[in-house]
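Just so it is clear, the structure is predicted and the values come from calculations on it, not from any experiment. Every heavy atom of this structure was used, including side-chain atoms; hydrogens, water molecules and symmetry mates were not.
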Amino acid sequence: REQVPVDLNVLGRWLREEQDPERVGVMLESLRDPRGGDALPHLELVIVDARQSSANRLTALALFVRGLREEQAGSLPNLAERLEDGPILAEALRSLSKFRNLAIAPRLATRLDSPKAVVRAAAIEVLGELRADEGREPLLRLLADQDPQVRRAAEAPFNMILEARS
């Protein structure tokens, strides 16, 4: 392929309108080497659009997180708030752990009651990584969760908290 510069405004318009997973995937591929944070608004369009394929939404999320500069990190929790419960949100929550200077524990704690096990598991994983106090009490409840994925996710943070206390 030739390295033809991408006009981000044109690409953004196409991403706003296009729903075909293959064509959107090609457009996302052209955003793999973003210029600064210029691509972030266009990637966000794909991430929050539930009509897009899960694979493209996850790809856009990975590119979004990779393109975030420290001063832009606050946009990630806001983005997560706009996502429906499911695997895209779960991955967005896991991505929050890369930005430890964000005060995200209260937002994560609200996701511990999600109807989706994958979201509950992601929230407790990140709260455990952060060793956040907001995760201690719900952690005991999640150790008895009906979903084995959530119980497994709660074990590691529980052990981290026990180690931190001793």
Side-chain angles (χ1 to χ4, degrees), residues 15 19 21 24-25 28-29 31-34 37 39-166:
L15 282 171
Q19 299 299 310
V24 171
L28 290 174
E29 191 63 35
L31 293 174
R32 284 204 178 273
D33 189 25
L40 297 180
H42 307 297
L43 292 167
E44 190 171 344
L45 290 172
V46 176
I47 297 165
V48 299
D49 188 350
R51 298 172 299 167
Q52 297 289 351
S53 74
S54 292
N56 282 338
R57 293 176 76 196
L58 288 169
T59 297
L61 178 61
L63 293 171
F64 184 90
V65 171
R66 190 177 82 194
L68 278 178
R69 294 185 303 261
E70 198 64 37
E71 65 273 9
Q72 299 169 310
S75 64
L76 186 55
N78 296 332
L79 173 65
E81 291 293 325
R82 296 172 51 206
L83 297 172
E84 72 282 357
D85 282 12
I88 313 303
L89 174 59
E91 193 56 37
L93 296 178
R94 286 186 189 97
S95 298
L96 289 169
S97 68
K98 294 178 173 96
F99 302 98
R100 298 205 178 256
N101 62 334
L102 297 174
I104 57 170
R107 287 184 181 189
L108 288 168
T110 66
R111 298 302 186 160
L112 295 173
D113 293 321
S114 169
K116 301 287 186 177
V118 67
V119 174
R120 294 192 308 273
I124 199 61
E125 286 169 19
V126 176
L127 283 168
E129 284 179 39
L130 299 175
R131 291 175 168 72
D133 289 336
E134 289 85 347
R136 288 186 182 168
E137 190 176 312
L139 185 57
L140 295 173
R141 179 174 42 86
L142 293 175
L143 284 168
D145 194 275
Q146 65 187 13
D147 190 283
Q149 177 186 7
V150 175
R151 289 193 305 270
R152 278 192 303 276
E155 287 174 10
F158 181 74
N159 292 331
M160 283 185 227
I161 289 171
L162 287 179
E163 289 171 13
R165 288 186 140 180
S166 41

Quick one: CG on Leu28 to CG on Leu61, what's the gap to the nearest 0.5 Å? 11.5 Å

Roughly how far, to the nearest 0.5 Å, is NZ of Lys116 from CG of Leu89? 11.0 Å

Check whether more than 12 heavy atoms from other residues, nucleotides or ligands sit under 6.0 Å from atom CD of Glu84, and answer yes or no. yes

Whether Asp113 and Arg120 form a salt bridge (side-chain N of Lys/Arg under 4.0 Å from carboxylate O of Asp/Glu) is what I want to check. no

Assess, by modelled atom type and distance only, whether the side chains of Thr59 and Asn56 contain a donor and an acceptor separated by less than 3.5 Å. no

Heavy atoms of Leu79 and Glu44 approach each other most closely as CD1-CG, 3.6 Å

Nearest atoms (heavy-atom pairs only) where Ala123 meets Leu112: CB-CD2, 3.7 Å

Could you tell me the separation between the CG atom of Leu76 and the CG atom of Leu96, rounded to the nearest 0.5 Å? 4.5 Å

Measure from the side-chain N and O atoms of Arg107 to the backbone N and O of Pro77, and report whether any donor-acceptor pair falls under 3.5 Å. yes

Can you give me the closest heavy-atom contact between Ala73 and Leu68, atom names plus distance? CA-CD1, 4.3 Å

Looking at Gln19, is its backbone amide N or carbonyl O close enough to the side chain of Arg51 to form a donor-acceptor pair, meaning the two atoms are under 3.5 Å apart? no

Output for pair (Asp145 CG, Leu139 CG), nearest 0.5 Å, gives 11.5 Å

Working to the nearest 0.5 Å, report the span between CZ of Arg111 and CG of Leu93. 6.5 Å

Check against salt bridge (Lys or Arg N to Asp or Glu O under 4.0 Å), Arg94 and Glu91: CA-CA 5 Å; Arg94 286 186 189 97; Glu91 193 56 37; 3.7 Å; yes

Could you check whether Asp49 pairs with Arg82 (Lys NZ or Arg NE/NH1/NH2 to Asp/Glu carboxylate O, under 4.0 Å)? no

Trace of the side-chain contact (heavy atoms from CB on, under 4.5 Å) decision for Val46 with Phe64: CA-CA 10 Å; Val46 176; Phe64 184 90; over 6 Å; no

For side-chain contact (heavy atoms from CB on, under 4.5 Å), just list the numbers for Arg100 and Leu130, CA-CA rounded to whole Å, side-chain angles, deciding distance to a tenth of an Å, and then say yes or no. CA-CA 7 Å; Arg100 298 205 178 256; Leu130 299 175; 3.2 Å; yes

Nearest-0.5 Å distance, CD of residue Gln52 to CG of residue Leu45: 9.0 Å

Criterion side-chain contact (heavy atoms from CB on, under 4.5 Å) on Glu155 and Leu143, from CA distance to verdict: CA-CA 7 Å; Glu155 287 174 10; Leu143 284 168; 4.1 Å; yes

Taking everything shown except Glu71 itself, do over 12 heavy atoms lie less than 6.0 Å from its CD? yes

Begin with the C-alpha distance, continue with both residues' side-chain angles, and end with the deciding distance and a verdict on side-chain contact (heavy atoms from CB on, under 4.5 Å) for Val126 and Ile104. CA-CA 10 Å; Val126 176; Ile104 57 170; 4.3 Å; yes

